[in-house]
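Remember, predicted model here, so these are calculated numbers, not experimental data. Values reported hereafter were calculated over all heavy atoms of this structure, with side chains retained and with hydrogens, waters and symmetry mates removed.
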Amino acid sequence: MNVMRPIRSVDDLEQAGLIDAGEALSLEQVASRYAIALTPSIARLIDRADPADPIARQFVPDAAELVVTPEERADPIGDHAHSPVEGIVHRYPDRVLLKAVHVCPVYCRFCFRREMVGPQGLGTLDAAALDAAFAYIRDHSEIWEVILTGGDPLVLSPRRLEEILRQLATISHVKIVRFHTRVPVVDPLKIDAALIAALKASGKIVYVAVHANHPRELTAEARAACDRLTDAGIMLVSQSVLLKGVNDDPEVLAELMKAFVETRIKPYYLHHPDLAPGTSHFRLTITEGQKIVAALRGRISGLCQPTYILDIPGGYGKADIGQSAIRETGDGCYSVSDYRGGEHVYPPDGGGF
Ligand SMILES: *Cc1c(COP(=O)(O)O)cnc(C)c1O
Ligand code: SF4
């Protein structure tokens, strides 16, 4: 098979040697519910000799996706409850999501919007819907930041992106434009001069949140793509999901965060996996997650520390769910734990205030 061709079906996966013929039947069932796509860069990165390869686990479908547990739901983070017009999610006063497109270059098997993305998903906003979305942003002067997500906004052509961003340029209360994307990592050559010019077409301050979950994803090509963005004056932050069998290990997570910092990407969020249908094989408990995250403190630089986040089901927004290092012991005193687990009284003389 031509390694330069994207993989988009169970047949393609079989031809690429990424699944066995015996798995095809059950995976067709998965494919009928959830989209499949791997870019050539990602397909090349998979170690076919490793049955537990952390890259394969993120992108190659698994029969375990057919198991839906009672707590899972189609809209795990409550997008619908906060969507005033098509394509806009307005949950926090000062910022909105603009979901112009519901297509991605790869389909993550743990995706929190898996019921909305893909060829059978919500599609791309048409001109009228986009106009309505911009009218909404224009009418709400409290909107300081617009976050382009989806789907992956960087699958749009530079020309389409530029059209969207030129509209934002005319709205003076919007100061920040943020993109959430996997493209710099999964299709690095797409980050070229034309795309970068389009990303900057709003004239606003631009942030790109780069999604990656395993240090091997930050290949030399991916790092070069991120360098092109940073060199163009775009700020990069990271976004990862804590996933069983991918990065649920302090060693791997530390390597990932260091790889981000070495690439001039400031670690931002580490998401606890959402309750998306057919994803229970990726979920660890929050207590397990807290232990892994706490182990990063002290082990790696403060620059490398992400915030461990839960998107509260039902649309209540994000919460910092990292273990707290401090607890009140009464009379204005606290007990604070250091990175080795030692406990200390604060203030140190124990006298309170
Ligand atoms: C996650 C999210 C944001 C962005 O949250 P930050 O904490 O600013 O990164 C904004 N709006 C919605 C609806 C979200 O789900
Ligand atoms: S890139 Fe994001 S939206 Fe697309 S499949 Fe992965 S997690 Fe879902």
Side-chain angles (χ1 to χ4, degrees), residues 3-8 16 18 35-47 53-60 101 103-114 117 147-156 158 161 178-196 198-199 206-232 234-243 245-247 252-271 273 282 304 306:
V3 290
M4 293 317 290
R5 220 183 78 197
I7 291 170
R8 301 204 160 272
L18 291 170
I36 294 173
L38 286 78
T39 56
S41 301
I42 286 296
R44 276 195 297 271
L45 206 53
I46 292 174
D47 177 0
D53 181 69
I55 312 296
R57 192 168 163 79
Q58 293 182 64
F59 303 105
V60 176
V101 58
V103 174
C104 300
V106 287
Y107 289 103
C108 311
R109 308 322 301 167
F110 50 85
C111 175
F112 64 126
R113 295 207 175 103
R114 58 189 335 208
V117 298
I147 302 167
L148 279 98
T149 177
D152 194 316
L154 272 60
V155 302
L156 291 168
L161 269 174
R178 186 191 333 172
F179 298 87
H180 279 223
T181 181
R182 268 245 199 218
V183 169
V185 166
V186 302
D187 196 4
L189 293 182
K190 222 186 148 206
I191 308 295
D192 60 11
L195 185 73
I196 291 172
L199 295 179
V206 180
Y207 277 75
V208 169
V210 178
H211 176 183
N213 304 316
H214 191 276
R216 263 174 49 219
E217 290 170 59
L218 289 153
T219 59
E221 293 79 14
R223 291 177 193 226
C226 292
D227 278 344
R228 293 193 287 281
L229 292 166
T230 303
D231 291 346
I234 294 171
M235 311 285 292
L236 303 187
V237 298
S238 77
Q239 198 187 15
S240 307
V241 186
L242 185 57
L243 297 166
V246 175
N247 58 17
V252 173
L253 211 52
E255 285 309 311
L256 174 65
M257 296 303 149
K258 281 159 55 185
F260 282 139
V261 171
E262 289 165 16
T263 312
R264 292 184 284 172
I265 303 172
K266 174 67 188 91
Y268 180 51
Y269 280 169
L270 176 66
H271 293 269
F282 285 113
C304 300

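Shown here are the ring pair (Phe, Tyr, Trp, His ring centres under 6.0 Å) partners of Y269, two or more places apart in sequence or in another chain: H271. The side chain to side chain donor-acceptor pair (under 3.5 Å) test applied to D227 returns R264, not counting sequence neighbours. Listed by chain and residue number, F110 satisfy the ring pair (Phe, Tyr, Trp, His ring centres under 6.0 Å) test with F282 (two or more places apart in sequence, or in another chain).
Considering all non-hydrogen atoms of both residues, V261 and P267 come closest at CG2-CD, 3.5 Å. Across all their heavy atoms, A198 and P158 have their closest contact at CB-O, 3.4 Å. Contact detail for I265 and L218: the closest heavy-atom pair is CD1-CD2, 4.4 Å. The two residues G151 and V117 come nearest to each other via the heavy atoms N-CG1, 3.4 Å. Nearest heavy-atom pair across Y107 and A35 is CB-O, 3.3 Å. Closest heavy-atom contact between C226 and T263: CB-CG2, 3.6 Å.
The closest side-chain donor-acceptor pair between Q239 and H180 falls under 3.5 angstrom.
For the atom pair CZ (F260) and CG (L236), the distance works out to 10.5 Å, reported to the nearest 0.5 Å. Note that CD1 of I234 is 6.0 Å distant from CD1 of I196, once rounded to the nearest 0.5 Å. Between atom CG of residue L45 and atom OG1 of residue T219 there is a gap of 6.5 Å, rounded to the nearest 0.5 Å. Separation of atoms CG (L229) and CG (D231) is listed at 9.0 Å; rounding is to 0.5 Å. Rounded to the nearest 0.5 Å, atoms CD1 (I42) and CZ (R216) are 9.5 Å apart. Remark: L199 CG to L161 CG distance equals 6.0 Å, nearest 0.5 Å.
Looking at R57 and I46, their side chains never come closer than 4.5 Å, going by heavy atoms from C-beta outward. The closest side-chain heavy-atom distance from E262 to R223 is below 4.5 Å. Residues V60 and D53 fail the side-chain proximity criterion, which asks for heavy atoms closer than 4.5 Å. Counting heavy atoms from C-beta outward, M257 and S240 have side chains that approach closer than 4.5 Å. Annotation: side chain of I191 is in contact with side chain of L154 (closest heavy-atom distance under 4.5 Å).
The residue from R114, R113, R182 that alone fulfils the side chain to side chain contact (heavy atoms under 4.5 Å, CB included) condition with C108 is R182. Under the side chain to side chain contact (heavy atoms under 4.5 Å, CB included) rule, P105 has a single partner from V185, V155, T181, which is V155.
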* To do: Would you check, one step at a time, whether the test salt bridge (Lys or Arg N to Asp or Glu O under 4.0 Å) holds for D152 with K190?
  => CA-CA 13 Å; D152 194 316; K190 222 186 148 206; over 6 Å; no

* Show your working on side chain to side chain contact (heavy atoms under 4.5 Å, CB included) between V241 and H211 and close with a plain yes or no. => CA-CA 8 Å; V241 186; H211 176 183; 4.2 Å; yes

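Here the side chain of Q58 pairs no donor or acceptor atom with the backbone of I55 at under 3.5 angstrom. The closest donor-acceptor contact from the side chain of S238 to the backbone of V210 lies at 3.5 Å or more, if one exists at all. Using modelled atom types, one side-chain atom of N247 and one backbone atom of N213 make a donor-acceptor pair closer than 3.5 Å.
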